[in-house]
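The structure appears right after this line, and notes come after that.
What you are looking at is a predicted structure, and each value in this text was computed from that prediction instead of being measured.
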Amino acid sequence: MKQVTFTIEEANALLPELQEDLIKLQLLTQQFEMKFELLHQLTKQRREGTLPEDPESADPFFELETQLEFMRMEVELAIGNFERKGVLLKRINPGLIDFPSVLNGEEILICWKQGEDRAAYYHGYEDGFKGRKRYPDAGLAN
């Protein structure tokens with residue numbers, strides 16, 4: 001499959017949708033981490049013998065593990081949605097998204113970091129975030 005490339009205008013046009021997807025993914029990962037921590041605490045209590053046994057209640061481990069498995073699948077699907085749109089999700093929190101592009105005949109990545117108003121920087125494939133440069137005429141003066 002040929003890789004999608006974006007102009008700076010296309011990247012910025014897609015950004016609101018990606019920001020919305022990113023916020024949903026961040027909330028989902030936060031909920032996953034909270035449930036995982038709860039499972040860890042229950043496991044610790046069971047190991048220490050301080051977990052109250054209630055024969056009437058459902059198995060809390062089974063329920064949490066099932067919820068975590070479904071949440072893991074949701075996270076994977078959400079991450080895959082970025083890929084299907086042709087962008088590279090580099091980091092979930094804070095969000096960092098790269099858009100494959102071409103500038104002056106060179107393959108580059110237009111780079112957006114959560115908190116920035118628009119995608120206005122780029123870097124080479126090997127340079128990474130630290131090698132970011134301002135995209136020519138990215139319209140930062142607004």
Hydrophobic cluster identity match, V102 and I108, side-chain contacts under 4.5 Å: no

R84 side chain reached by L77 side chain, heavy atoms, under 4.5 Å: yes

I23 side chain near Q26 side chain, heavy-atom distance below 4.5 Å: yes

Minimum heavy-atom distance between T5 and S101, given as atom pair plus value: CB-CA, 4.1 Å

Pair E37-Q41, side-chain donor/acceptor within less than 3.5 Å: yes

side-chain contact (heavy atoms from CB on, under 4.5 Å) assessment of W112 paired with V87: CA-CA 11 Å; W112 173 80; V87 301; over 6 Å; no

Working for side-chain contact (heavy atoms from CB on, under 4.5 Å), residues L89 and L25: CA-CA 11 Å; L89 177 64; L25 177 58; 3.6 Å; yes

Side-chain heavy-atom pair Y122, I8 within 4.5 angstrom cut-off: no

CA sep, side-chain torsions, deciding dist, call: L15, Q19, side-chain contact (heavy atoms from CB on, under 4.5 Å): CA-CA 6 Å; L15 203 49; Q19 286 175 303; 4.2 Å; yes

Nearest heavy-atom neighbours spanning V4 and P100: O-CB, 3.4 Å

Residue K35 excluded, over 12 heavy atoms near NZ under 6.0 Å: no

Any Y135 side-chain heavy atom under 4.5 Å of C111 side chain: no

Side chain proximity check, Y121 to E116, heavy atoms < 4.5 angstrom: yes

R132 and F129, any side-chain heavy atoms less than 4.5 Å apart: yes

Cluster check F32, I92: I/L/V/M/F/W/Y, side chain < 4.5 angstrom: yes

Derivation of the side-chain contact (heavy atoms from CB on, under 4.5 Å) call for H123 and K130: CA-CA 8 Å; H123 56 79; K130 291 185 190 304; over 6 Å; no

Rounded distance [0.5 Å steps], CZ in F70 versus CZ in R72: 10.5 Å

Any L109 side-chain heavy atom under 4.5 Å of D127 side chain: no

Side-chain heavy-atom pair F99, E10 within 4.5 angstrom cut-off: no

Nearest atoms (heavy-atom pairs only) where A119 meets N12: N-OD1, 2.6 Å

Nearest heavy atoms of L22 and G95, plus distance in Å: CD2-CA, 3.5 Å

Taking every non-hydrogen atom, the tightest pair across N93 and Q114: OD1-OE1, 4.5 Å

Cluster link L42 to L68, ILVMFWY, side chain under 4.5 Å: yes

same_hphob_cluster(L96, L28) at 4.5 Å side-chain heavy-atom cutoff: no

Check ion pair E106-K133 (N to O, under 4.0 angstrom): no

From Q45 atom CD to H40 atom NE2, the distance as rounded to the nearest 0.5 Å: 10.5 Å

